[in-house]
There are 2 protein chains.
Amino acid sequence: MGKLREPLDSHNCGLPAALEVMGERWSFMILRAAFNGLHHFEEFLGALGIARNILSNRLARLVEHGIMKREPLPDDRRKIEYRLTEKGLDLLPAMLALRQWGEKYGEGVPSNPVLCDSRDGVPIAAIGIRAHDGRALGPKDLEWRDRSDVGVTEKGDDSLKRPVLNVLR
Amino acid sequence: MGKLREPLDSHNCGLPAALEVMGERWSFMILRAAFNGLHHFEEFLGALGIARNILSNRLARLVEHGIMKREPLPDDRRKIEYRLTEKGLDLLPAMLALRQWGEKYGEGVPSNPVLCDSRDGVPIAAIGIRAHDGRALGPKDLEWRDRSDVGVTEKGDDSLKRPVLNVLR
DNA sequence: CGATTTGCGTTGCGAATTGCTACTTACCAA
DNA sequence: TTGGTAAGTAGCAATTCGCAACGCAAATCG
C-alpha cells in the first residue's frame, strides 16, 4: 500500500532535532519567561516553580545549544545575564502556536500579556498555515509531497501525493 | 516597561496547559507519526524507537486529553485505530513551526515529506507571526500588551478598536 | 478442532531524570 | 569585618524511562 512511509528519525525531519533541547521539561517555560523580559537566575527561579539545580542545568543546556547566551554584567560581577539569541528568538512562532493551542482548549485561560502589532496595538493573528503567497490554508487544502517531487510536477505523477485529511476521517 | 512582569503560571497563559500533555517525551513524535498516516500501535512502535509500555502510556494520555481517539476496528477486533481528533489536528501549526525551526538550525536536515498547498503543489510558507490583517511581522514589530489594554484604542486610532479575539481561525 | 501467530497491553526491575534542601563560592555594601 | 545577595553545586528521595519478558484475546492456519 502506501509507499510514503518514512523512517521518522532525525535524518529527514527537523522535529527530533528541535525536541533534543526544547523537548526537555521546563525549556519552553524558561523561554517564555525570557520572552517576557526575565534575564537572571533568581528571576527565573522565582517566576517558575523550578528547582535550582534543574534551572542551572537547563540554562546551561540552552546556552550550549545557542538558544540563550550567558554574559556576566560588568557593573555587578555576581550577576549573569541570560538573553535569547537569534536562534532563541526564532522559537517565538512555535511557542505562540503552542500557547494559542493551549489557550483554545484549556480551561478558559485568556493568556496575558498578549503579543501585539506595535504599529496599531492590535493582537497578532492566530499562528496558522499559509500558502507561499500568504493565503491561509485549512487541513483540507494540504497534502504531503515527497521533496523530490516538489516543484517539478504540478499535475503529473500523483503517486507520491497524500492528502492530509486521510489522517482525519 | 516595568509593569509587565507576570506570574507565568497557568492562570494567565495557555503554554503550561499545552505542555501538560505535549511536553512529555515522545508526544510530539507520536503526533508527527499520526500526521504521517500511522494509525496502529505496532506501526508507531516500529516507526519510532519507543518502548511498548511508554507508547501505551502516551497513547492513553493523548486519548485521555482528547488529542487522539481510540476505536477498535469492526473487521478485526484485535486492531485499534488511533486517529487525531480536531484538537490534535489543531496542533499542526505548532508542530510545523517546531520542525521548521529544527530544520533551520539543524545539521542540514531537509525534512521529508513536505507539506504543500494542494491547490498548486507548492510547499507552504514558513510559519510566522502575522498581524490581524495578514502582514508578516518581525520581532521589532511586536510588543506585549496587557489584555485589558487591547481593543480600547491606542494612539487615537479608533478604526481598529474592535476587540480582536480570534481574528483568524 | 487445536496450534500458532498477531495486535495490544501489562509487569518487574535497573537506569536515568527530576525535585527538594542544604551547602559553597564569589561578590557587593555597611 | 560582617551581613546579605547572586549563581551554582552536592546529596538524597521520588518519579519517570527503557528494556525485556509475560498475558491475553482475536484471528489464522493445518
Side-chain angles (χ1 to χ4, degrees), chain A residues 1-2 5 8-10 15-16 19-34 37-65 67-84, chain B residues 5 8-10 15-16 19-34 37-65 67-84:
Chain A
M1 183 196 164
R5 205 106 308 170
L8 292 178
D9 57 18
S10 76
L15 190 59
L19 293 175
E20 184 179 335
V21 208
M22 299 312 299
E24 287 177 329
R25 207 120 82 188
W26 293 110
S27 290
F28 264 110
M29 291 300 290
I30 292 173
L31 227 69
R32 162 165 146 86
L38 304 189
H39 300 302
H40 297 287
F41 191 91
E42 308 282 339
E43 285 180 325
F44 290 117
L45 201 64
L48 325 167
I50 186 175
R52 299 185 81 86
N53 55 346
I54 308 291
L55 177 60
S56 180
N57 183 317
R58 281 313 111 87
L59 284 173
R61 236 172 124 58
L62 289 170
V63 168
E64 174 190 349
H65 279 77
I67 293 168
M68 303 188 87
K69 58 188 161 191
R70 172 196 196 280
E71 51 184 83
L73 290 190
D75 51 318
D76 184 346
R77 299 215 314 271
R78 290 173 302 176
K79 291 197 177 179
I80 306 265
E81 260 216 350
Y82 288 98
R83 279 193 178 275
L84 291 164
Chain B
R5 204 109 311 166
L8 292 178
D9 59 17
S10 77
L15 191 59
L19 292 176
E20 185 180 335
V21 207
M22 298 313 298
E24 287 177 329
R25 211 169 286 187
W26 292 112
S27 290
F28 265 111
M29 290 300 290
I30 292 173
L31 228 69
R32 163 167 144 84
L38 304 188
H39 299 136
H40 296 287
F41 191 90
E42 308 282 339
E43 285 181 325
F44 290 116
L45 200 66
L48 326 167
I50 188 175
R52 299 186 80 87
N53 54 346
I54 308 292
L55 176 59
S56 180
N57 184 319
R58 283 310 112 88
L59 284 174
R61 236 171 123 59
L62 289 169
V63 168
E64 174 190 352
H65 280 77
I67 293 168
M68 301 188 89
K69 58 188 163 189
R70 172 197 198 281
E71 51 185 84
L73 291 190
D75 51 320
D76 184 345
R77 281 182 319 187
R78 291 172 305 175
K79 291 198 179 179
I80 308 264
E81 260 214 351
Y82 289 99
R83 279 190 179 273
L84 291 164

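So that the names make sense, note that chain A is the first sequence line, chain B the second, and so on, each numbered from 1.
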From [X] [atom1] over to [Y] [atom2], what is the distance, rounded to the nearest 0.5 angstrom?
X     : Y     : atom1 : atom2 : result
B/R70 : B/L62 : CZ    : CG    : 13.0 Å
A/L48 : A/L38 : CG    : CG    : 7.5 Å
B/L19 : A/R32 : CG    : CZ    : 10.5 Å
B/Y82 : B/H39 : OH    : NE2   : 13.0 Å
B/I80 : B/K69 : CD1   : NZ    : 14.5 Å

### Task
On DNA chain C, check which nucleotide each of A/R77 and A/I50 is closest to and give me the residue with the more 5' one.
A/I50
### Task
Find which nucleotide of DNA chain C each of A/I54 and A/D75 is nearest to by heavy atoms, and output the residue with the more 5' nucleotide.
A/I54
### Task
Tell me, please, which residues at least two apart from A/R83 pass salt bridge (charged side-chain N to carboxylate O under 4.0 Å, His left out).
A/E81
### Task
Please lay out, stage by stage, how B/L73 and B/H40 fare under the test side-chain contact (heavy atoms from CB on, under 4.5 Å).
CA-CA 11 Å; B/L73 291 190; B/H40 296 287; 3.9 Å; yes
Contact list (N/O, under 3.5 angstrom) for nucleotides 11-15 of chain D vs protein:
from: D/dG11; atom 1: O6; to: A/N53; atom 2: ND2; distance (Å): 3.4

### Task
Round to the nearest Å and state the distance from A/E64 atom CD to D/dG8 atom C1'.
17 Å
#### Entry: Contact check, side chains of A/R77 and A/P72, non-hydrogen atoms, under 4.5 Å
no
Residues 50-60 of chain A side chain polar contacts: donor-acceptor under 3.5 Å, at least two apart:
from: A/R52; atom 1: NH2; to: A/E42; atom 2: OE2; distance (Å): 2.9
from: A/R58; atom 1: NH1; to: A/R25; atom 2: O; distance (Å): 2.7

### Query
Can you give one letter per nucleotide of nucleotides 2-7 of chain D, 5' to 3': B if a protein heavy atom sits under 4.0 Å from the base, S if only from the sugar-phosphate, - if neither?
--BBSB
#### Entry: side-chain contact (heavy atoms from CB on, under 4.5 Å) partners for B/R78, two or more places apart
B/D76
### Task
Considering just the side-chain nitrogens and oxygens of B/W26, establish if one lies under 4.0 Å of OP1 or OP2 belonging to D/dG18.
yes
### Interface limits on DNA chain C, where chain B has a heavy atom under 4.0 Å of a nucleotide atom
C/dT6 to C/dG12
